[in-house]
Amino acid sequence: MRVLSSQVKDHVGQSVHIEGWLHKKRLLGGLTFINVRDRQGLVQVVIQDKDEVEKLRGLQIGTVLAVDGTVKEEPRAPGGAELHDAKLEVLVPVEAEPPIEIDKPLSHKPDNLDTLFDHRVLGLRNLQEQKVFKIRAGLLRFLRDFLTDHEFVEINTPKILAGATEGGAEVFKVDYFGREAVLAQSPQFYKQIMVGAYERVFEIAPAYRAELSATSRHVSEVYMLDLEMGFIEGHEDVLDMVQDMTYFALTNIYKEFADELKSLNAPELVLKEKFPRYTVAEVHEMYTKATGTDTTKEKDLIPDEERWICDHAKKNEGSDAVFVTHFPVEAMKFYHMVNPDDPTTVMWGDLLFRGLEIATCPQREHHYDKLVEQMKKAGIDPEHPGFKYYLQAFKHGLPAHGGCGFGVDRLVEKTVGLSNVKEAILFPRDINRLTP
RNA sequence: GGGCUCGUAGUGAAGAGGCCUAUCACGCCUCCCUGUCACGGAGGAGAUCGCCGGUUCAAAUCCGGUCGGGCCCGCCA
């Protein structure tokens, strides 16, 4: 029976059978060490028999092996135990030399990202690289746990759409049996529709953006956590939910993956249960005062302001995360709700984390007549067949609601302390890259 | 879409008119090595310096073009 790497130390004195990949060879003459990698990590195997060592000749890193040996307690071995009197069996021989070395840190320098992704298939066998995606999986698990605990129903909505979209980002056009369809740039309409059924829903799925953006924070296939909640008493309810969810996921990931985050040189988590909140106007004012660059005429935050306000909040409020609220109406989309107390601003807040926009969290206009009016004002035809089913949900009763589009890739990037969102994605898609 | 940058063995880097018949490290191959864990030591193979053209007695190096990356801005998560 196969014993996994983390269990080896529980079998001291016993004969065990392990299987995995040849991860590293160290030949010291009469003594040879090899590391065998399995899903849990590495096992050190000591080989002294010349015939057994000879089996490794010509075999490259990546060879799939079975090893039978006796577990010996050994303080000099990583993990405190290792296999002795090893008998090797090559399950899948590998003779091709790997194009990259997986037992050493991979270069994440911007200039070398192309190589990193070209060799992604093998690079992901690097233990450090694997940690990034274990942390990603952990974050997704905590986000799901939180939302499930708060009675959100996980939904799955179509990614091939008939054409009408929320506007904003460019869409990919696809041939749909001879008709033109588009890839969903967001589940916006569907999640709002589903508020009419479940009150609280969320979806974790890719969204497709055909923007010609070439930056360290954009990809054309982005993993979004979309949530939407009904019967809110105000916009604050949405911000509070997103805040609590983010706090839950981050504090738990820093607990469960403390060692991994440390070994990846992730920044220390600086967070309080309540995230500081500033209005866009306040940020413009503070930034202009602090830097001398006048942003008070901007309708949105400029990227440098996002970095600045996060630095400011970290230093002065002890928080890596901040909300920026009250975006001006000039930036609104037709389905946003205008601030009833101040028609120049929208019930819309962005969540920023470590200098980067992570989520956008608006309240929606839920009154049918008002929504139709806002569509017309935005130059959108409410009679367009693509909006028929969306509007139907409103016509037949939607409560006050709001939610967020939350960039999972960016959260992973900033949690781990990576410098490009693509490093947080197994197989990233951008304006240039369609493989692997 | 705009601006700025970078392309040198499989990988990561050095070289910035002649010292280049291109250097180093890792990896690979051969040999030595009984406690390595980025093992160590000796030797070897591996690059028409992204591509095309130009300037020059002479180009990896300067210029123009082209192809492929990266970063920033715009847009957005």
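Just so you know, these numbers come straight off a predicted model, no measurement behind them.
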Exercise. Nearest-Å distance, NZ (A/Lys50) to C1' (B/C31)?
Worked result: 14 Å
Exercise. If you measure from the C1' atom in B/A22 to the same atom in B/U61, how many Å do you get, rounded?
Worked result: 12 Å
Problem set entry | Nearest-Å distance for atom pair CZ/C1', residues A/Phe202 and B/A77 | 18 Å
Exercise. Mind checking the C1' distance from B/G15 to B/A60? Whole angstroms is fine.
Worked result: 8 Å
Problem set entry | Derivation and outcome, side-chain hydrogen bond (donor to acceptor under 3.5 Å, both in side chains), residues A/Thr291 and A/Lys289 | CA-CA 6 Å; A/Thr291 66; A/Lys289 212 167 162 185; over 6 Å; no
Problem set entry | Pairing residues for A/His108 by the ring pair (Phe, Tyr, Trp, His ring centres under 6.0 Å) criterion, not counting sequence neighbours | none
For this session: Check the distance between B/C76's P and A/Glu357's CD and give it to me in whole angstrom.
Result: 9 Å
Exercise. Whole Å only: how far is the NE2 atom of A/His108 from the P atom of B/U11?
Worked result: 16 Å
Problem set entry | Distance test, side-chain N/O of A/Gln188 to OP1/OP2 of B/C76, below 4.0 Å | no
For this session: With sequence neighbours left out, write down each residue that passes side chain to side chain contact (heavy atoms under 4.5 Å, CB included) with A/Leu91, or none if nothing qualifies.
Result: A/Glu19, A/Val64, A/Ala66, A/Glu89
For this session: Can you tell me, in whole Å, how much space there is between the C1' of B/U48 and that of B/U8?
Result: 12 Å
Exercise. Is the phosphate of B/G12, meaning OP1 or OP2, less than 4.0 Å from a side-chain N or O of A/Thr115?
Worked result: yes
Seminar exercise, completed: The salt bridge (charged side-chain N to carboxylate O under 4.0 Å, His left out) partners of A/Lys104 (sequence neighbours excluded) come to A/Glu101
Problem set entry | Pair listing, ring-ring contact (aromatic ring centres under 6.0 Å, His included) test, anchored in residues 80-105 of chain A, at least two apart | none
Exercise. Roughly how many Å is it from CD1 in A/Ile102 to C1' in B/G10, rounded to a whole number?
Worked result: 15 Å
Problem set entry | A/Asp118 CG to B/G7 C1', straight-line distance once rounded to whole Å | 14 Å
Exercise. What residues, two or more places apart in sequence or in another chain, satisfy side chain to side chain contact (heavy atoms under 4.5 Å, CB included) together with A/Asp85?
Worked result: A/Thr70
Problem set entry | B/C57 and B/A14, which share atom name P, separated by this distance in whole Å | 32 Å
Problem set entry | Atom C1', compared across B/G41 and B/U36: separation rounded to whole Å | 15 Å
For this session: Could you encode protein contacts along nucleotides 32-39 of chain B as a string, one character per nucleotide from 5' to 3', using B for base contact, S for sugar-phosphate-only contact and - for no contact, with a heavy-atom cut-off of under 4.0 Å?
Result: -BBBBBBB
Problem set entry | Residues touching RNA chain B, which here means a heavy atom under 4.0 Å, drawn from residues 408-415 of chain A | A/Arg410
Exercise. With rounding to whole Å, what would you report as the distance between B/C20 and B/C26 at their C1' atoms?
Worked result: 23 Å
Quick test: give all pairs of protein nitrogen or oxygen and nucleotides 67-74 of chain B nitrogen or oxygen below 3.5 Å, distance rounded to 0.1 Å.
residue	atom	partner	partner atom	Å
B/G70	OP2	A/Asn432	ND2	3.2
B/C71	OP1	A/Asn420	ND2	2.6
B/C72	OP1	A/Ser216	OG	3.1
B/C72	OP2	A/Ser216	N	3.0
B/C72	OP2	A/Ser216	OG	3.0
B/C72	N4	A/Ala214	O	3.2
B/C73	OP1	A/Arg307	NH2	3.2
B/C73	OP2	A/Arg217	NH1	3.0
B/C73	OP2	A/Arg217	NH2	3.3
B/G74	O6	A/Ser213	OG	3.4

For this session: If a pair satisfies side chain to side chain donor-acceptor pair (under 3.5 Å) and one of its residues is in residues 36-47 of chain A, list it, with sequence neighbours excluded.
Result: A/Ser5-A/Asp38, A/Ser6-A/Gln40, A/His23-A/Arg37, A/Gln44-A/Glu82
Seminar exercise, completed: Whole-Å distance, A/His336 NE2 to B/C76 C1', equals 12 Å
Problem set entry | Side-chain touch A/Leu426/A/Leu124, heavy atoms, less than 4.5 angstrom | yes
For this session: Sticking with atom C1', work out how far B/G7 lies from B/G65, rounded to a whole angstrom.
Result: 16 Å
Problem set entry | Which atom of A/Phe323 lies closest to which atom of A/Cys361, heavy atoms considered | CE2-SG, 4.2 Å
Problem set entry | Complement of B/G46, any strand, by Watson-Crick or G-U distances under 3.5 angstrom | none
For this session: Assign a letter to each nucleotide of nucleotides 43-51 of chain B from its 5' end: B, base within under 4.0 Å of a protein heavy atom; S, sugar-phosphate only; -, no contact.
Result: ---------
Problem set entry | Contacts of type side chain to side chain contact (heavy atoms under 4.5 Å, CB included), residue A/Glu282, not counting sequence neighbours | A/Tyr278, A/Thr279
Seminar exercise, completed: Taking a pair to mean Watson-Crick or G-U wobble geometry with both distances below 3.5 Å, B/G53 pairs with B/C63
For this session: Give one of base, sugar-phosphate or nothing for A/Val421, where a contact means two heavy atoms less than 4.0 Å apart.
Result: nothing
For this session: Could you pull out all residues at least two apart from A/Asp145 that satisfy side chain to side chain contact (heavy atoms under 4.5 Å, CB included)?
Result: A/Arg141, A/Phe142, A/Phe248
Problem set entry | Whole-Å gap separating P (B/G7) and NZ (A/Lys109) | 10 Å
